[in-house]
J.: 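Just dropping this structure here.
Quick note on labels: first sequence line is chain A, next is B, and so on, each numbered from 1.
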Number of protein chains: 2
Amino acid sequence: MNLKQLSDQLGLSQTTVSRALNNYPEVNEDTRERVKNAARKHSYRPNTRASGLATGKSMTIGHIIPMNSTEVFNPIFGEFIAGASRAYSKRGYELSLTMVQEDSEESIYREIASKGSVDGVIVHAPRVNDSRIALLQQLQLPFVIHGRDNSNETDYSWIDMNNRRAFYQATKLLVDLGHSRICLVNGSESLNFAWRRRLGYVDALDDEGLSVSADLMYSGDLTEANGYNAASDALAQSDAPTAFLVSSYVGALGVRRAIHNAGLVMGKDISVIIHDDELSYFQNDGDIPQFTATRSSVRDAGERAAMMLLDIIDQPDKSPLTELLDAPLTIGASTGPVKKLM
Amino acid sequence: MNLKQLSDQLGLSQTTVSRALNNYPEVNEDTRERVKNAARKHSYRPNTRASGLATGKSMTIGHIIPMNSTEVFNPIFGEFIAGASRAYSKRGYELSLTMVQEDSEESIYREIASKGSVDGVIVHAPRVNDSRIALLQQLQLPFVIHGRDNSNETDYSWIDMNNRRAFYQATKLLVDLGHSRICLVNGSESLNFAWRRRLGYVDALDDEGLSVSADLMYSGDLTEANGYNAASDALAQSDAPTAFLVSSYVGALGVRRAIHNAGLVMGKDISVIIHDDELSYFQNDGDIPQFTATRSSVRDAGERAAMMLLDIIDQPDKSPLTELLDAPLTIGASTGPVKKLM
DNA sequence: ATCGATATCCAAAGCGCTTTAAATATTTTG
DNA sequence: CAAAATATTTAAAGCGCTTTGGATATCGAT
């Protein structure tokens, strides 16, 4: 059933039917009722492509997810998108998902812009000195970044958590507990978030007068295996760390396994603080959470980012929107005072 | 830059330019070259909505992901979609993602069908007696199900793994190792896959002459917490199980935590077999995998499902396609002969 | 009854593309 | 060299919607 058929059936013009359905004021309330009932009855919906052509809008938001060469699909993307989709369904938008190898990223953005298939995009996983910001500005495609650039954070819209502060505080807590050998198990530090977290970690050690050792800093995809390997490696060092600071729950699972394997007990022999994105299938709460953690819901961030983008699309000349989410530190069972081994 | 502008610039008709770009044979090779170069130079791409309107195809596939009331976003969806998107990008399709509460599912499918915004859909997480199959057939929307119906598996297309066989074999292995109290930690059994797995488990116990105890069957969202709670509960029973069969890696992490908490050692005191969907951030391989597991790559399933759907769309009168993936059992460190406790 | 204002409806253009039907060039053939 | 065949190009219609500009109906006030 299309508009023509529906309006023929009703004995009305396409104009009137279209206006009735789109709640334009210049149509009689009785007719509007009649039209809406008929539409419901035949479950008529305006064809997306046709109305998009006519209005110049696609009512679709693109999410472009970078895949690196290791082909790891970071679970936080799924959770972020679950949040974003809440906003879209509320406001009548659709979500288009594209996964792209880093090396063809620029051409994909160009393609998306010229095809006009989306009204805006969410940029995931910004890197250090990410070229996508300038590109998108040039392409005139509305966008919101989940994260930030490192050099410039004023002339575009973003939502981010306070990575640096979170890791500063976490590091400081470990130092206050007496730890001086603290191992950082971080995400890939070509990514902005991981770079910021490292900054927080290093700053805190500096401020506390502790040395920063390259041997205690690991970075890579936040997989269970990488967490395990990093922690195993660190624990085998002659001057092994007594605490770990881990950038994700998933990575921390590997760290915990390594600790167990070394015959140590997490929370007693070794302290661990994680950043917890609050993935729905890894709840870290309850009276005493498993892990001491800095916490920030990535699903929530997804919803806010999406709303922000829709606002920008509605009001194009508004100045950029930014939002910095806090990631409070909550104490769980995985931390304790340093224990002198011997 | 649109088609009119491009063809004006070239001094050709829109027809010829369009044909040149779409590789129609009736255009001179020289002109084609000229057109393609100009298109590249101005980075012209046909507007998606316009060409969609003209051809009647949207070149996008919809993925509809059910969210239950617990709001858990199952990580396998992300991984499946990562696979599917590979197929789409190869064949020029886009991916539209919709998350939907179970109660509004039917209306969403109807809406999608009448809006015509997708050429086909992938159906995720089929339930026992799922009404969506009949609905989609009625709506004439091409679809592929990741999973199957329980009563009928002939007149529609699906891709599934052999859930029943996998869990039959896994159960049998545990029995062969001497276990007789085997606890099943399953997904929500209103879902088809979990229902089939339970069938395999029950059949194997029956065949081996062992009793099936309701106390040893848990089902629910496959979260870490649920795995932990189920296993903790089971281990506290007077006649506690000596082995666990767990439907996912994530759930098994919880089970493992409960085993540790009970002061037991996985692989020695307690055996565990999981189903491993081969999530990219939870590799369970190496010389001796952590977990004995039935394995089947869900990312691979995603890619195959997508290709299957695209084939169906290309050749609508072809009979339904089906594919049953095997999930071979591989031995890891988490299983061993039953140990008499005392 | 008549006029202007207001409410309600409609015909037709246009969004940017593909494709049908037809026109024009170019080759081939006898 | 003309006719027939083939190669190449084009004008125009149409996809299903929104929206502009106008038409028609209705109403209160004169």
J.: D:dT10, D:dT19, D:dC17: which one has an atom nearest the side-chain heavy atoms of A:Tyr24?
T.: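 For the A:Tyr24 side chain, the nearest candidate turns out to be D:dT19.
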
J.: Should the pair B:Arg110-B:Glu105 be classified as a salt bridge under the 4.0 Å nitrogen-to-oxygen rule?
T.: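 Salt bridge between B:Arg110 and B:Glu105, a charged N being under 4.0 Å from a carboxylate O: no.
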
J.: How many whole angstroms separate atom CD of A:Gln5 from atom C1' of D:dC17?
T.: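 Going from CD in A:Gln5 over to C1' in D:dC17 covers 13 Å.
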
J.: Side chain of B:Asn28, heavy atoms from C-beta onward: which of D:dC15, C:dC9, D:dT8 has the nearest atom to it?
T.: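 Selected nucleotide (nearest to the side chain): D:dT8.
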
J.: Less than 4.0 angstrom from a charged side-chain N to a carboxylate O is my criterion; do B:Lys115 and B:Glu111 meet it?
T.: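 A salt bridge links B:Lys115 with B:Glu111.
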
J.: Rounded to whole Å, please give me the gap between CD in B:Glu33 and C1' in D:dT8.
T.: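 In whole Å, D:dT8 C1' and B:Glu33 CD are 17 Å from each other.
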
J.: What is the distance from CG of A:Asn47 to P of D:dT18, rounded to the nearest Å?
T.: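 About 10 Å, once rounded to whole Å.
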
J.: Would you kindly give the CG-to-P distance between A:Leu3 and D:dG14, to the nearest whole Å?
T.: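 Answer to the nearest Å: 17 Å.
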
J.: Of A:Asn2 and A:Glu26, whose nearest nucleotide on DNA chain D comes first from the 5' end?
T.: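 Nearest-nucleotide comparison on DNA chain D picks A:Asn2.
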
J.: State whether B:Thr16 places a side-chain N or O below 4.0 Å from either non-bridging phosphate oxygen (OP1 or OP2) of D:dT9.
T.: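 So the side chain of B:Thr16 is outside the cut-off, no N or O lying under 4.0 Å from OP1 or OP2 of D:dT9.
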
J.: What's the closest nucleotide to the B:Ser51 side chain, out of D:dT9, C:dT18, D:dC15?
T.: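 Taking heavy atoms from C-beta onward, the closest nucleotide is C:dT18.
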
J.: Can you tell me which nucleotide in C:dC10, C:dT8, C:dT19 comes closest to the side chain of B:Thr15?
T.: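 Of all the options, the side chain of B:Thr15 is nearest to C:dT19.
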
J.: Of the listed nucleotides (C:dC9, D:dT9, D:dT18), which one gets closest to any side-chain atom of A:Arg19?
T.: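 Nearest to the side-chain atoms of A:Arg19, counting from C-beta on, is C:dC9.
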
J.: Would you mind reading off the distance between A:Asn23 atom CG and D:dT19 atom P, rounded to a whole angstrom?
T.: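 Atom-to-atom, A:Asn23 to D:dT19, this comes out as 13 Å.
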
J.: Rounded to whole Å, how long is the line connecting atom CG of A:Leu12 with atom P of C:dA7?
T.: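 Between P of C:dA7 and CG of A:Leu12: 19 Å.
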
J.: Identify which nucleotide among C:dC17, C:dT19, C:dA11 has an atom closest to any side-chain atom of B:Pro46, counting heavy atoms from C-beta outward.
T.: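 Per side-chain heavy atoms of B:Pro46, the pick is C:dC17.
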
J.: A:Asp30 has an atom CG; how far is it from atom P of D:dT26, in whole Å?
T.: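 In whole Å, D:dT26 P and A:Asp30 CG are 14 Å from each other.
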
J.: Looking only at the side chain of B:Ser18 (C-beta and beyond, no hydrogens), which of the listed nucleotides C:dC9, D:dT9, C:dT18 gets closest?
T.: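 Looking only at side-chain atoms, B:Ser18 lies closest to C:dT18.
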
J.: Just compare C:dC17, C:dT8, C:dT20 and give me whichever is closest to any side-chain atom of B:Gln14.
T.: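 Shortest atom-to-atom distance from the side chain points to C:dC17.
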
J.: Before you tell me yes or no, could you show the steps for B:Tyr156 and B:Ile145 under side chain to side chain contact (heavy atoms under 4.5 Å, CB included), namely the whole-Å CA-CA distance, both residues' side-chain angles and the distance that decides it to 0.1 Å?
T.: CA-CA 8 Å; B:Tyr156 59 94; B:Ile145 303 201; 4.1 Å; yes

J.: Considering only NZ, NE, NH1 and NH2 on the basic side and carboxylate oxygens on the acidic side, decide whether A:Arg304 and A:Glu323 come within less than 4.0 Å.
T.: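 Looking at A:Glu323 together with A:Arg304, the answer is yes, because their closest N to O distance falls below 4.0 Å.
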
J.: Do A:Phe77 and A:His146 have their ring centres less than 6.0 Å from each other?
T.: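 Here the rings of A:His146 and A:Phe77 have centres that are no less than 6.0 Å from each other.
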
J.: Between B:Leu6 (CG) and C:dT18 (P), how many Å, whole number?
T.: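 Roughly 12 Å, once rounded to whole Å.
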
J.: Where each residue is assigned the nucleotide of DNA chain D containing its nearest heavy atom, which of B:Leu53 and A:Asn22 is assigned the position nearer the 5′ end?
T.: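 Going by which nucleotide is closer to the 5' end, it is B:Leu53.
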
J.: Kindly point out which of C:dT18, C:dG14, C:dC10 is positioned nearest to the side chain of B:Thr55?
T.: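 Among the listed nucleotides, the one closest to the side chain of B:Thr55 is C:dT18.
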
